[in-house]
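Quick note: numbers below take in every heavy atom, side chains included, and nothing from hydrogens, waters or symmetry partners.
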Amino acid sequence: MLHKWKPFSFLEKPHICCRLSSLTFFKPSVSVARLLEEEPPLSRSHNDPVFEILSGLKKLGFRRFLSGDYFRSVVFSLDQLQVNKIINFLRIESPDFAVVFFDLMRNEYRFQHSRFSRFVVAHVLAEQRRLEELRFVLEQMLKEEGSGSAPSLCEPLLNGFRDWDKNSLVWDMLAFVYSRFEMVHDALFVLAKMKDLKLHASILTYNSLLYNLRHTGTLWDVYNEIKVSGITQSKQTNSIVIDGLCRQSKLQDAVSFLRETEATGLGPSIVSLNTIISRYCKLGFTGVAKSFFCMMLKYGLLPDSYSYNILIHGLCIAGSIEEALEFTSDMKKHGVEPDIVTYNILTKGFRLLGQMDGAWKVIQRMLDRLNPDVVTFTILICGHCQNGNVKEGLKLREEMLSRGLQLSVLSYSVLLSSLCKVGQVHEALVLFYEMEEQGLEPDHVTYSILIHGLCKQGEVQSALLLYEEMCSKSIPPSSLSSGAILLSLCENGMISEARVYFDSLIMNDWAHDIVLYNIMIDGYARQGNLEEALELYTIITEKGITPTTVTFNSLIYGFCKNRNLAEARRLLETIGLHGLKATAVTYTTLMNAYCEDGNMRCMLELLQEMHAKGIRPTHVTYTVIIKGLCKQQKLQDAIRLLEDMRYMGLSPDQVTYNTIIQCFCKARNIKMAFKLLNEMWMNSLEPTPATYNILINGLCVHGNLKDANKLLISLHKQNIKLTRVAYTQIIKAHCVKGNAYSAFMFFCLMMEKGFEISIKDYSAVINRLCKRCLITEAQHFFCIMLSHGISPDQEICDVLFNACQQCGDLSFVYEMLAWTIKSGLLTQK
DNA sequence: GTAGGGTTAG
């Protein structure tokens, strides 16, 4: 095999020159002849480069020959077999030269060595105990061979090098490097072969393997193998096993293991105890964590900075910042100086409590001794962004750059998420591209943030493109990113598209998360498509995926929507049978259905059941009850409940107010309705477009139309977000009263806001005007419609014809007739 | 071999 290499002036490099000049060349020996005779007949003519090189090396000396013209002229035509021969020859004669020649060919001529040559050199290095270099040679080989290569590497090692000195060390290093590269299956394969050959792996290899298997059940198998083989364990062995057990949520086993190892005489190491303390902290059991901290002292072990930082972090997460600060002082007293990690932990502790001033004080204290690092900045950026201050976050980014700190994927993610939160998805995308330009690899969290942001803006297509990009980079989609897309498709009414996407997730075996099924089931339930929802539920049970209460809540919603309250109620009972607990959402869904049905008795029964089960009603529950009271015209009770809610610490939301405001409008108590609107403002509740629709409708139907005009015009001028309903209902009211001009004016305002006017809007107006024999006005709207490119349908034509005839306006009848004949819409009468 | 920073949902 020929290779195209680039020549380098290797001999100009001082370190290589040194090395070469310090070596003297060897004398020829019998082994040379043996080596050359082993291979197919070699013509020892001047055309054979191997022969020429070997004899050249002999005659001129190593350094002179390799820098000479002959070698330069022939080196590019050497193939792997020829290089094998030279290296093997050198190994026998002068092993040092074999390594130097090997390195030279690889580094200066970019030569792709064969497995054979690499193993030859590996054995030379093993024999000389040059372990770092041995590791490097094998690392290079594994990088090129990749995962799954163990069988093809073991084969030559098994057949060609079995009797070589230090063969066992090469095997062990091979297993070690596979393990360090997280190619666990390959490492296990090598170990199995070693077992066949009765070769022992070192504890370092086993430790590395244990570390990489710490998340899996295989951990125990490997640990038992170590025990059986009788290899002396190191302190690390125990702490890795403890860490593994902790990660597999087998905390009790980890503690028992700690006690056992304590009995064997090795005693618990500080790392093992730190690991256990860390796990208890992560579970929120700071009390237990502290008792292990004391145990440490009992054993005569002095807590190190890890021990303190782990505990301080646990306390900060639990919100006990005071105690965290006490431990920090304690740390100093015991001669352990707080480091950058300690300060970062405390800063985050204050941030979590929303006390950014406290966070700044920590930073101030730190600045005397230490410089803030990327983590410090990330915490600070996060603090600002959480308060909605993206600008300040971006300023800190500038500060980082001016200090020469490179932003990490994490710090970018924080900025991206807050840009997305305030709806600046396109600015987020710009930052995302900048991040990639800097060579940072976005991870699944970064993608989740952007996908979610795009979906929230309704840009499902862009989100899908980004999702595909993520998959193409072999970043497995998290349930968060795929969930965002699924939810967005469902919410935008694209349920069949959602299903196609969902099926593709199942096909790729990415849909294990119940959340994804829940989103899909909810999508169907909200459409009232119970059949599909129930079919998905069956799939869940068949796959052995455990449903959650949310699954049942969606199904209950579906039954309620289809007015099958009996079945919905039955499902409520089923929740308990699955070992799950009904939530306030479950009850509120059912209560709402009973309320809609006018069955207040059942609704209140459910409320009592909630109380009995200790399920706390939410503000939504109360909103449903208020709706029930409103239906029964118990307005004062509704107001009282609204007050009670606040008393119980529940904040009424816009829907609560909308419900009650609507009720007062219907009761013609417009004054009270506006008083409640005022109350919303007082409680910093921004009224929704629905709130205004309710008020405008109230004024139109039960109040003064002039006030409705004033309200809508004022909202319109203030650019307050409204829906088309606000305009259409007032237009309707004006038509009923025969105010064609006012109707026309609001029509214009509606168009000004960019709402599309459909044929239905025109029909509504024309219908009402015709009923009052306002033919000219109706004709006027008819013409506007035509001028906007909307073709009339048969219904509109019929209405106009009839009205013209009934009201005696025959001139327009002929005009209409001509028009309808032309457009093929002639009425069949 | 152990400690610190990000997403967020039916």
Validation: residues 430-439 of chain A side-chain donor-acceptor distances under 3.5 Å, sequence neighbours left out:
residue, atom, partner, partner atom, Å
A:E434, OE1, A:R397, NH2, 2.8
A:E434, OE2, A:R397, NH2, 2.7
A:E434, OE2, A:Y412, OH, 2.6
A:E436, OE2, A:K473, NZ, 2.8
A:Q438, OE1, A:Q406, NE2, 2.8
A:Q438, OE1, A:Y412, OH, 3.4

- Task: Check step by step if ring-ring contact (aromatic ring centres under 6.0 Å, His included) holds for A:Y537 and A:F552.
- Result: CA-CA 9 Å; A:Y537 178 75; A:F552 288 103; 5.7 Å; yes
So what does [X] touch, heavy atoms closer than 4.0 Å: a base, only the sugar-phosphate, or nothing?
X      : answer
A:T446 : base
A:L487 : sugar-phosphate
A:K421 : sugar-phosphate

N-O pairing of [X] and [Y] below 4.0 Å:
X      : Y      : result
A:R369 : A:E337 : yes
A:R499 : A:D503 : yes
A:E399 : A:K395 : no

Shortest side-chain distance from [X], nucleotide among [options]:
X      : options             : result
A:Q236 : B:dG1, B:dT2, B:dG6 : B:dG1
A:L410 : B:dA9, B:dG6, B:dG1 : B:dG6
A:L480 : B:dA3, B:dG1, B:dT7 : B:dT7
A:S417 : B:dT7, B:dA3, B:dG1 : B:dT7
A:H452 : B:dG5, B:dA9, B:dA3 : B:dA9
A:S408 : B:dG6, B:dA9, B:dG5 : B:dG5
A:D339 : B:dA3, B:dT2, B:dG6 : B:dA3

- Message: Would you call the rings of A:F257 and A:Y223 parallel, tilted or perpendicular, taking 30° and 60° as the class edges?
- Response: perpendicular
- Task: Please check the phosphate of B:dT2 (OP1 and OP2 only) for any side-chain N or O of A:Y211 closer than 4.0 Å.
- Result: yes
- Query: Does A:R351 have a side-chain nitrogen or oxygen under 4.0 Å from the phosphate oxygens OP1 or OP2 of B:dG6?
  - Reply: yes
- Item | Side chain A:S179, main chain A:A175, donor-acceptor under 3.5 Å | no
- Query: To the nearest Å, how far apart are A:L352 CG and B:dG5 P?
  - Reply: 9 Å
- Message: I'd like to know if A:D443 reaches the base of B:dG6 with its side chain, counting only an N/O donor and acceptor under 3.5 Å.
- Response: yes
- Message: For B:dG1, does the base pair up with any side-chain atom of A:S272 as donor and acceptor (N or O, under 3.5 Å, distance only)?
- Response: no
- Going by heavy atoms closer than 4.0 Å, what residues in residues 370-384 of chain A are next to DNA chain B? A:D373, A:V374, A:V375, A:T378, A:I379, A:C382
- Query: Residues from residues 530-539 of chain A sitting under 4.0 Å of DNA chain B, heavy atoms only?
  - Reply: none
- Query: So, do A:S234 and A:N207 sit near enough that their side-chain heavy atoms are less than 4.5 Å apart?
  - Reply: yes
- Query: Around atom CD of A:E398, are there more than 12 heavy atoms of other residues, nucleotides or ligands at under 6.0 Å?
  - Reply: yes
- Message: Working note: A:D339 + A:N309, criterion side-chain hydrogen bond (donor to acceptor under 3.5 Å, both in side chains); need CA distance, chi angles, decisive distance, verdict.
- Response: CA-CA 9 Å; A:D339 55 15; A:N309 286 342; 3.2 Å; yes
